[in-house]
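A short write-up of the structure that comes next.
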Amino acid sequence: MKPSLTAVIVEDEARALAHLEGLLRRQHPEVDLLGNAVDVEAAIALVRRAQPQVLFLDIELKDRTSFDILKALGDARPHVIFTTAHDGYMLQAIRFSCLDYLLKPIDPAELREAVAKAQEAVRSAERPAQMDMLLKNIDRAGSDRVIAVPVADGLEFVHVNEILACESDSNYTTLHLRDGKRMVISRSMKQFEDLLQGTAFMRVHNSWLVSLKHIRKYLRGDGGEVVLSSNLHVPVARRKKQELMDSLEMV
């Protein structure tokens with residue numbers, strides 16, 4: 001089969017690199033490997049020189065992270081398929097942005113699906129907003145940081161300290177903001193919980209994730225409820241009551 005995709009691999013673990021190269025050569029003759037790199041500077045130089053259509057990119061490199069590569073490449077970056085052995089915050093941000101990733105050791109069936117998506121993306125020649133969303137969301141500066149959320153006409157940037165609560169509705173989440181605005185986002189509550197991890201948010205109920213900093217009052221009850229700064233009343237699950245009390249003492 002004549003190659004229809006050109007690709008570069010950025011991977012600093014020799015075994016993982018050999019595994020991915022082997023899978024591509026044996027099972028994907030449509031992919032033409034143009035080279036590999038093991039660190040950020042070499043990767044930037046290789047991508048700029050070879051101009052591949054696809055970049056297999058390890059999230060965590062020994063010297064820095066793969067996001068340094070993406071920022072340096074700017075709009076000239078190719079279609080990216082992330083690879084990682086760890087389910088950490090950065091992978092959570094990738095999932096939130098609905099971008100392709102492969103968990104190591106790479107499963108052949110998942111690789112086949114990722115390559116097929118890459119072919120379609122290269123054919124369409126579109127620049128999806130998801131990557132811009134990801135690069136914005138990997139900044140973990142704390143509650144003063146900004147997250148990018150998908151809306152009908154693109155992305156909206158929301159300051160974390162403006163979010164009072166997130167309310168679950170199946171695969172959608174409603175953001176309740178400090179100015180009274182509500183935003184319905186096509187992401188699950190779990191995805192927001194992962195994205196806001198470490199920013200003083202707590203899941204107080206199956207349907208509610210609240211900002212501890214915006215709680216103004218607790219009303220007693222079986223589980224009780226909290227009253228937020230906007231006077232929004234949010235129920236607290238009985239099993240979450242003690243955890244909430246402990247967390248409020250730390251804020």
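Everything numeric in this text was worked out from a predicted model, so none of it was measured.
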Exercise. Nearest heavy-atom pair of T6 and Q51: which atoms, and what distance?
Worked result: OG1-O, 4.3 Å

Exercise. So, does Q27 use its side chain to make a donor-acceptor pair with the main chain of L24 at under 3.5 Å?
Worked result: no

Problem set entry | Exercise: identify the closest heavy-atom pair between L244 and M202 | N-CE, 3.4 Å

Exercise. Hey, are the side chains of V80 and L99 touching, using non-hydrogen atoms and a 4.5 Å cut-off?
Worked result: no

Exercise. Checking side-chain contact (heavy atoms from CB on, under 4.5 Å) for the pair L33/I9: CA distance, chi angles, key distance, verdict?
Worked result: CA-CA 8 Å; L33 287 176; I9 300 174; 4.0 Å; yes

Exercise. Got a salt bridge between E225 and K241, using NZ or NE/NH1/NH2 to carboxylate O under 4.0 Å?
Worked result: no

Problem set entry | Spacing of E60 atom CD and M90 atom CE [to the nearest 0.5 Å] | 4.0 Å

For this session: Decide yes or no for H205 and K240: does some side-chain heavy atom of the first lie under 4.5 Å from some side-chain heavy atom of the second?
Result: no

Exercise. Can you tell me how far CG of D100 sits from OG1 of T83, rounded to the nearest 0.5 angstrom?
Worked result: 12.0 Å

Please tabulate, for the side chains in residues 111-123, all donor-acceptor contacts under 3.5 angstrom to protein atoms that are two or more places apart in sequence or on a different chain.
{"from": "Q119", "atom 1": "NE2", "to": "S4", "atom 2": "OG", "distance (Å)": "3.3"}
{"from": "E120", "atom 1": "OE1", "to": "R123", "atom 2": "NH2", "distance (Å)": "3.1"}

Exercise. Are V10 and V38 close enough, and set up right, to give a side-chain contact (heavy atoms from CB on, under 4.5 Å), and what steps lead you there?
Worked result: CA-CA 6 Å; V10 178; V38 299; over 6 Å; no

Exercise. Under 30°, 30 to 60°, or over 60°: which ring-plane class applies to F82 and F67, parallel, tilted or perpendicular?
Worked result: tilted

Problem set entry | Side chain proximity check, H19 to I106, heavy atoms < 4.5 angstrom | yes

Exercise. Is L219 reachable from L164 through a run of I, L, V, M, F, W or Y residues, each pair having side-chain heavy atoms under 4.5 Å apart?
Worked result: no

Problem set entry | Inter-residue atom distance H176.NE2 - L228.CG, 0.5 Å rounding | 9.0 Å

Problem set entry | Atom pair CG (N161) and NZ (K213), whose distance is rounded to the nearest 0.5 Å | 8.0 Å

For this session: Scan side-chain atoms only and decide if N36 and E11 contain a donor-acceptor pair under the 3.5 Å cut-off.
Result: no

Exercise. Can any side-chain N or O of H28 pair as donor or acceptor with the backbone N or O of L23 at less than 3.5 Å?
Worked result: no

Seminar exercise, completed: In short, L212 meets S247 closest at the heavy-atom pair CD1-CB, 3.8 Å

Exercise. So does D179 have more than 12 non-hydrogen atoms from other groups sitting under 6.0 Å from CG?
Worked result: yes

For this session: Let me see the working for L102 and T84 under side-chain contact (heavy atoms from CB on, under 4.5 Å), right down to the final yes or no.
Result: CA-CA 7 Å; L102 297 168; T84 183; over 6 Å; no

Problem set entry | Side chain to side chain, I69 and L61, heavy atoms closer than 4.5 Å | yes

Problem set entry | Joint cluster assignment, M189 & Y172, ILVMFWY side-chain distance < 4.5 Å | no

Problem set entry | Residue pair Q130 / C98: nearest heavy atoms and the distance that separates them | NE2-O, 4.3 Å

For this session: Would you check if I163 and I147 make a side-chain contact, meaning some heavy-atom pair closer than 4.5 Å?
Result: yes

Problem set entry | For R203, side-chain hydrogen bond (donor to acceptor under 3.5 Å, both in side chains) partners two or more places apart | E193

Seminar exercise, completed: Between the CD atom in E162 and the OG atom in S211, the distance rounded to the nearest 0.5 Å is 10.5 Å

Exercise. Under a 4.0 Å N-O cut-off, is there an ion pair linking E13 with K62?
Worked result: no

For this session: May I ask you to check whether Q53 and H79 show a side-chain donor-acceptor distance below 3.5 Å?
Result: no

Exercise. Can any side-chain N or O of N137 pair as donor or acceptor with the backbone N or O of A93 at less than 3.5 Å?
Worked result: no

Exercise. Would you say the side chain of L46 lies within less than 4.5 Å of the side chain of R49, judging by non-hydrogen atoms?
Worked result: yes

Problem set entry | Ion pair K104/D58, N-O distance below 4.0 Å | yes

For this session: Spell out, yes or no, whether F157 and V184 are grouped together once hydrophobic residues are joined by side-chain heavy atoms under 4.5 Å, including indirect joins.
Result: no

Exercise. Quick one: does I59's side chain get under 4.5 Å of I94's, heavy atoms only?
Worked result: yes

Exercise. Going from OG on S230 to CZ on R178, what distance comes out if it is rounded to the nearest 0.5 angstrom?
Worked result: 11.0 Å

For this session: May I ask you to check whether W208 and H233 place their ring centres under 6.0 Å from each other?
Result: no

Exercise. Salt bridge check: are K136 and D132 linked by an N-O gap of less than 4.0 Å?
Worked result: no

For this session: Please name all residues satisfying side-chain hydrogen bond (donor to acceptor under 3.5 Å, both in side chains) with S229, sequence neighbours left out, ordered by chain then number.
Result: H214

For this session: Could you please spell out the steps behind the side-chain contact (heavy atoms from CB on, under 4.5 Å) verdict for C166 and L196?
Result: CA-CA 10 Å; C166 304; L196 294 170; 4.1 Å; yes

Problem set entry | N206 to S168 - nearest heavy-atom pair and separation | O-CB, 4.4 Å

Exercise. Is R238 atom CZ crowded by more than 12 heavy atoms from other residues, nucleotides or ligands, each under 6.0 Å away?
Worked result: no

Exercise. Are I44 and L134 co-members of a hydrophobic cluster defined by side-chain heavy atoms under 4.5 Å apart?
Worked result: yes

Problem set entry | Path from V227 to Y218 over hydrophobic side-chain contacts below 4.5 Å | no

Problem set entry | Test item: R25 side-chain N/O and G22 main-chain N/O as donor-acceptor pair under 3.5 Å | no

Problem set entry | NZ or CZ of R187 within 45° of F96 ring axis and under 6.0 Å | yes

For this session: Indicate yes or no for a side-chain donor-acceptor contact from D194 to the backbone of Q191 under 3.5 Å, with no hydrogens or angles considered.
Result: no

Problem set entry | Residue pair D32 / P52, side-chain heavy-atom distance below 4.5 Å | no

For this session: Can you see which heavy atom on A37 is nearest to which on A42, and at what distance?
Result: CB-C, 3.8 Å

